Amino acid sequence: MVKNVKIDTESSGAENNQGKFDGPDASGHFGPYGGVFVGETLVAAVEELAAVYEEISDDKEFWDEYDSQLKYYVGRPSPLYFAQRLTQSSGGAKIYLKREDLNHTGAHKVNNTIGQALLAKRMGKTRIIAETGAGQHGVATATVAARLGLECHVYMGADDIVRQAPNVFRMKLLGANVVAVKSGSRTLKDAMNEAMRDWATNVDNTYYIIGTVAGPHPYPKLVRDFQCVIGREAREQSLEQIGRLPDALVACVGGGSNAIGLFYPFLKDESVAMYGVEAGGHGIDTGEHAAPLSAGVPGVLHGNRTYLMTDKAGQILETHSISAGLDYPGVGPEHSWLKDLNRVTYVDATDSEAMEAFHQLTRLEGIIPALESSHAIAYGTKLAAKMGKDKNLIINLSGRGDKDIETIARIEGITL
Amino acid sequence: MSRIKQVAKQASQQGRKLLIPYLVAGDPDLSTTLALMHVLVDQGADIIELGIPFSDPSSDGPVIQRGVERALSKGVTLQNVLNLVAEFRQSNENTPIVLMGYLNPIEIMGYASFVENAASAGVDGVLVVDMPTTESEQLHGLLQEREIDTIYLVAPTTRDERLETICSHTSGYLYYVSLKGVTGAALTDYESVAANIAKLRERSDLPIVIGFGIKDADSAKAMGSLSDGVIIGSALVEQIAKLSDQTNPNETILAQTTDVIKVAREALDSI
């Protein structure tokens, strides 16, 4: 049975880390990060959600249902795949890919929407809203809403709607109303603002399915718990297929849900190094990127305190990434805490590095990765090259790249 | 006695309802805001709420969002807003100024320097929309040391046990949000407002004012008769939008812009 994640403490260093990785505390904080920074209208709603989530944390029936849906509807467990040619080409550590791209709807996002849709059902909500950047979370939300027969509205930045046309059409096919958000920078952060406005307006009958480990408590915790299936499987598969724990984990970080899902079940295993790869855009030096952990400062946005890209006057900066799913100025508060604790190393990969990795994986392994995941591939192959051949590395292949082929074609001047 | 307390006491002695206009600082530019503030006082404003522009105003409706975008397009910062208050104070010692905004600009400035600057500028109250009582301990404490009121919102969704906490934390006035939604939405459910105001009365002696959705004489009168006063934001900001292509609008134009406040004053005085 899947339950609130209990971490094995068999590794030697577990005692030293006691407590540090057990967040959030009762009020939703990871050290100084996280919390509940929302308007008063939404306070009761997030408190109700926290109470319901607490209630189901030991409810066998809930988690059995969740497990069963992941197995029969999503197609879990996802394989841990040894990427032989990618490994040879990198010339170092053995590279394994955690194949979240093989999930129903094509990314890790569905692990979370299945769980939150079950919560919505339990709370008697009839209307679902969500924000989306690349459209993967929007599709995963529209999918579960269709399956439960719930009304669904997805907020999406007007610019992202252009970048991710196939996903927009997919959501519409699934019966969702896709709302174009034209305020601010017209991307993911503005979609999130608009979803929060909708939630405040329709709070009685509406459940807000946040797509990442950000937002007010309890979202960072519950989204993490729903995504931890990635790391739990990877840990078991690693022991079974490699015969021991991996030496390093690599995942891309936008809001950070696929990364925390992979990392969390390994946090107390000191021998496992972890790397979160942010979107370096045109390069951190240019200022045109989406890498708050690499180049930001702590601040408050969208319900939580976390590292942000903000100017000296406290205005949120516009971000840039080739990948709509990473184009966000904040990051989940638990990542901020893991950065400060030096447990996870946060690095970046630029647009062009991600593009190169996209082609590399496609040609070497016959797997077309999402542009988001391509950032993890880009850094992961560099890292593997520096590690010994006896080492093992897991890269989270968080989504497939079919949605990105138009973007790739456009950038490379190809007319489809 | 704090300015807000002073004004509220006078109003209550005179049987006068409080009228609190909200405008975005720097919309359409800082000098126009300063001129508007003086005109608002002439039109019968008792307290002025000055919005601190923030790039992600997730509790605000489209009208105020656009006002914020106009201010940000001029590069208006929190420091500019504090300077604006100081400038207003040079010719007005009496009208309380409440800063209303989101937490990030204050976090980035640093709580201590924000409070220090606000106190020396002559700010009377601070309302941080996305800072509920549970997250406010440090900033609230610093504001209290400098005798600046911290104002919290009460919403239709606020549960009874939270009312106690909010009432005990708030000083200045209690701000009741009339509706579930964002600023400028349509106000329809008068009955629930009356019931919730009654609950607040049982728990607090502070003046209770109502905001969100008040836009004309009728809504001002209806909400004013249930409470100690009203806040008018979007309806004013919508008029200010028309000033964005004007340079140095004259007194007549400014008075036209703030007419909604004059009309609300008359409506409140007729209660």
Side-chain angles (χ1 to χ4, degrees), chain A residues 26-29 32 34-48 181-185 189-206 215-217 296-306 308-318 329-330, chain B residues 52-62 65-66 68-69 71-72 75-81 101-110 114 127-136 152-162 165-166 175-177 179-186 212:
Chain A
S27 58
H29 294 92
V36 178
F37 294 89
V38 294
E40 181 60 28
T41 308
L42 290 176
V43 169
V46 297
E47 284 182 353
E48 184 197 2
V181 178
K182 291 176 183 149
S183 55
S185 62
K189 82 176 173 74
D190 309 284
M192 200 152 175
N193 291 332
E194 207 54 35
M196 289 176 83
R197 292 177 189 123
D198 178 312
W199 196 21
T201 307
N202 302 292
V203 64
D204 293 335
N205 69 348
T206 298
H217 175 71
V297 292
V300 172
L301 179 70
H302 293 151
N304 63 102
R305 181 179 283 119
T306 191
L308 293 176
M309 289 180 54
T310 167
D311 68 14
K312 288 195 171 76
Q315 307 303 342
I316 305 305
L317 290 167
E318 293 198 4
Chain B
I52 305 166
F54 178 51
S55 53
D56 293 78
S58 58
S59 292
D60 285 300
Q65 284 173 48
R66 286 193 289 270
V68 166
E69 282 175 14
L72 289 177
V76 173
T77 65
L78 175 53
Q79 188 58 55
N80 293 147
V81 180
Y102 296 80
L103 191 53
N104 198 56
I106 298 173
E107 287 250 330
I108 299 300
M109 179 178 274
F114 167 70
L127 194 175
V128 184
V129 180
D130 56 350
M131 184 186 72
T133 50
T134 41
E135 302 286 356
S136 74
Y152 295 90
L153 301 171
V154 178
T157 51
T158 304
R159 285 198 308 268
D160 287 1
E161 54 274 26
R162 271 183 69 77
T165 315
I166 294 173
Y175 185 137
Y176 182 74
V177 176
L179 49 83
K180 291 172 197 158
V182 293
T183 52
F212 283 41

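Just so we're clear, the structure is a prediction, and the values are computed from it rather than from any experiment. All values below were derived from every heavy atom in this structure, side-chain atoms included, with hydrogens, water molecules and symmetry-related copies excluded. Residue numbers begin at 1 in each chain, while the letters A, B, ... track the order of the sequences.
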Close side-chain approach of [X] and [Y], heavy atoms under 4.5 Å:
X: Thr310(A); Y: Asn104(B); answer: yes
X: Phe54(B); Y: Ile316(A); answer: yes
X: Asp56(B); Y: Leu301(A); answer: yes

Of all the heavy-atom pairs spanning [X] and [Y], show the shortest one and how long it is.
X: Thr158(B); Y: Glu40(A); answer: OG1-OE2, 2.8 Å
X: Gly181(B); Y: Thr201(A); answer: CA-OG1, 3.4 Å
X: Gly39(A); Y: Ser59(B); answer: CA-OG, 4.3 Å
X: Arg159(B); Y: Ala44(A); answer: NH1-O, 3.7 Å

Where on [X] is there a heavy atom nearer than 4.5 Å to chain B: the side chain, the backbone, both, or neither?
X: Val36(A); answer: both
X: Pro216(A); answer: neither
X: Leu317(A); answer: neither
X: Asp204(A); answer: side chain

Based on non-hydrogen pairs under 4.5 Å, which of [options] is most in contact with chain A?
options: Leu103(B), Leu179(B), Thr77(B), Thr134(B); result: Leu103(B)
options: Arg66(B), Met131(B), Glu69(B); result: Glu69(B)
options: Lys180(B), Gln79(B), Glu135(B); result: Glu135(B)
options: Val177(B), Leu72(B), Leu78(B); result: Leu72(B)
options: Val182(B), Val76(B), Ile166(B), Thr157(B); result: Thr157(B)

d(Ile108(B) CD1, Gln315(A) CD) to nearest 0.5 Å is 10.0 Å
How long is the gap from CZ on Phe37(A) to OG on Ser136(B), to the nearest 0.5 Å? 9.5 Å
Need one label for [X]: side chain, backbone, both or neither, based on atoms under 4.5 Å from any heavy atom in chain A.
X: Ile52(B); answer: neither
X: Asn80(B); answer: neither
X: Val154(B); answer: backbone
X: Pro57(B); answer: both

Does the pair Met109(B) and Lys312(A) meet the rule for a side-chain contact (heavy atoms from CB on, under 4.5 Å), with working shown? CA-CA 8 Å; Met109(B) 179 178 274; Lys312(A) 288 195 171 76; over 6 Å; no
